[in-house]
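To keep things clear, I will list the structure first and then write my remarks on it.
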Amino acid sequence: MSKKEPVIFAIGWNACINCGACVAICPQEAGFISPFDTIAVDRPCDIACLLCEDICPVSTITHKRA
Amino acid sequence: MPDSQYDLVIIGSGPAGSTTARFAAQHGLKVLLVDKRQELGAPIQCSGAVSRHALEEVGITPDAEFIHEPIYGFGIYNGRGEKTTIDYRRLKPEEYGPEDGKKPLGYVVDRRRFDRYLMTQAERAGVEVWLKTEGLSYRPDANGSCEVFLRRFNQEIKVKARILVGADGLQSQVGKWAGLRTHIKITELASCLQFIVDQVETEGLLEIITGHEWAPGGYAWVFPKGHGYAEIGLGVISTMTDKDAQWHLDKFIRQSFFKDRFENSRILEIQGGGVPLAAPLRTQYADNLILVGDAARHVNPITGGGIHTALSGGYIAGNFLAEFLNSGQPPTAQNLEGYQNAWLEALGNKMWKLYGVKADIFRNNDIEERDALLYQTMAGYFSPNSEYKKI
């Protein structure tokens, strides 16, 4: 498997419906969550599988390179 | 100050956690139930449909406090709008109906009030409940118990428990603490969105609309929500579409065979969630720890329904843990496998079988054939003769 570049996620809070699907699909270890029960946005994700972006019912998760 | 010592600490006060707590306390265990939220049930991530049988089985009397609307059957549609009606008011008129002496088949419940009601019942059975309390970690100790680290209104607290119960939902962190394989595949987690709407008529049936055209990988639904309101939603598997659930729901409302029915709908609430259409976790226990409810993926893989399975799982877990701890066995992973075995026998084996049925449908890559299979399976699932009726 090719090594992916770490990313930092950003959540468009205006559209976020707090559904928790991003955390449910996230393969990160425990604790990769924000105080608003989404995936973490304050530190890099080194897996960068982007499944959270795929599962989001309102497409409100984006990322930039860490 | 010595650490508080409990038999069980349960993280998450949804239907599974509070039911586990209630039955454990009824059998004399000292139970602490914690939830990080200030208001249970919210944010709502669920449509709220549950059978009457599922409530009665765990000693919950249907109560106006939490019921939005009684349900009498199902309307199952294929993608073209052809319908199979399974209305128990017509199938068994002597038993089901709104009249005195007859009963509903099930209910759509208000998850905020329902979850609070279940917590209240647990509390009245002797469970200690802490809201605004999140679980941080746990650590088995040398005496066969474990330490559970909590944060309650910003204060860090350590308590001791003989067994920690993870009832913290699909986003379960407790399962990850124990190193259990909780990861779900993207092909088996439906991305769901629903609107509570005004101005959409319903007739006491749970309506389920199948078909790749409307909800690739999942299905769409129209449920009665009480007071003349309805719930319109759908779930999609994101690998089967380039669009998100919001796009599909908009298309379903504007373009489907229900577009005239939905024409004047007004959105009152927006809710979403991930719904597993997956197998239960293969391992739901570790040293000093078990998982229940969504955290153990106790969810019906065909319907995505999770309230009945959470209540039943909680009943099994609460009773098992009481008997287990009262027998004096050490709560090692090896011994706690008994919980999973009891659950498999009562419920889990049937869920595994349903998972097989579901997997067979979606293994078919021909959309027309798959649509036909899903429609038949859904219609058969809810028929009075279904072997899965009690899940």
Side-chain angles (χ1 to χ4, degrees), chain A, chain B residues 36-37 42-46 134-138 166 168-195 233-249 269-276 278 294-295 297:
Chain A
M1 224 162 77
S2 65
K3 181 104 173 97
K4 294 202 177 137
E5 297 267 354
V7 298
I8 289 195
F9 290 110
I11 293 182
W13 299 108
N14 168 258
C16 176
I17 53 172
N18 268 121
C19 76
C22 52
V23 180
I25 200 66
C26 179
Q28 278 278 11
E29 59 192 34
F32 196 76
I33 50 179
S34 79
F36 302 104
D37 288 336
T38 64
I39 46 150
V41 292
D42 61 345
R43 69 203 105 134
C45 171
D46 53 1
I47 299 175
C49 67
L50 308 186
L51 292 177
C52 52
E53 295 186 17
D54 292 338
I55 200 81
C56 178
V58 292
S59 302
T60 199
I61 306 177
T62 54
H63 68 271
K64 59 182 184 190
R65 271 169 63 177
Chain B
K36 68 182 173 187
R37 291 168 296 180
I44 292 175
Q45 300 168 353
C46 169
E134 65 179 313
L136 301 175
S137 63
Y138 94 117
D168 54 336
L170 202 59
Q171 302 87 342
S172 179
Q173 301 295 304
V174 176
K176 289 187 177 185
W177 298 348
L180 295 176
R181 291 171 59 96
T182 58
H183 188 235
I184 186 166
K185 286 188 255 178
I186 187 79
T187 51
E188 299 195 331
L189 184 63
S191 175
C192 298
L193 189 69
Q194 67 178 5
F195 299 145
L234 52 72
V236 300
I237 292 296
S238 58
T239 51
M240 294 175 74
T241 169
D242 296 333
K243 309 290 191 196
D244 62 18
Q246 187 178 16
W247 184 91
H248 283 282
L249 185 52
E269 283 186 40
I270 299 164
Q271 296 157 358
V275 172
D294 275 10
R297 218 168 295 144

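Chain naming here is simple, since letters A, B, ... match the order of the sequence lines and numbering starts at 1 in each.
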key: Residue, of A:Val58, A:Leu51, A:Ile17, that accumulates the most heavy atom pairs under 4.5 Å with chain B   = A:Val58
remark   = Interface check, chain A: of B:Lys36, B:Gln171, B:Glu188, most non-hydrogen pairs under 4.5 Å belong to B:Gln171
message = Looking at B:Arg297 and B:Thr182, would you say the former's side chain and the latter's main chain have a donor-acceptor pair under 3.5 Å?
response = yes
ask   = Hey, what's the ring geometry for B:Tyr138 with B:Trp177, parallel, tilted or perpendicular (30° and 60° as the breaks)?
value = parallel
message = Taking CD in B:Glu269 as the centre, count heavy atoms belonging to other residues, nucleotides or ligands within less than 6.0 Å. Is the count above 12?
response = yes
query = Non-hydrogen atoms of chain A under 4.5 Å away: do they reach the side chain of B:Gln271, the backbone, both or neither?
reply = backbone
message = Please rank B:Lys185, B:Gln246, B:Glu134 by heavy-atom pairs under 4.5 Å with chain A and give me the top one.
response = B:Gln246
message = Between A:Cys22 and chain B, with a heavy-atom cut-off of 4.5 Å, which part of the residue counts as in contact: side chain, backbone, both or neither?
response = neither
ask   = Under a 4.5 Å heavy-atom cut-off, does chain A meet the side chain of B:Gln173, its backbone, both or neither?
value = both
note = Highest number of heavy-atom pairs under 4.5 Å with chain B among A:Ile25, A:Ile33, A:Asn18, A:Asp54 belongs to A:Ile25
Side-chain heavy-atom pair A:Phe36, A:Cys16 within 4.5 angstrom cut-off = no
inquiry  = Tell me whether A:Thr60 contacts the main-chain N or O of A:Gly12 through its side chain, where contact means a donor paired with an acceptor under 3.5 Å.
reply    = yes
ask   = For the candidates A:Cys56, A:Ala21, A:Pro57, A:Ala24, which exhibits the highest count of non-hydrogen atom pairs separated by less than 4.5 Å from chain B?
value = A:Pro57
query = Around atom CG of A:Asn14, are there more than 12 heavy atoms of other residues, nucleotides or ligands at under 6.0 Å?
reply = no
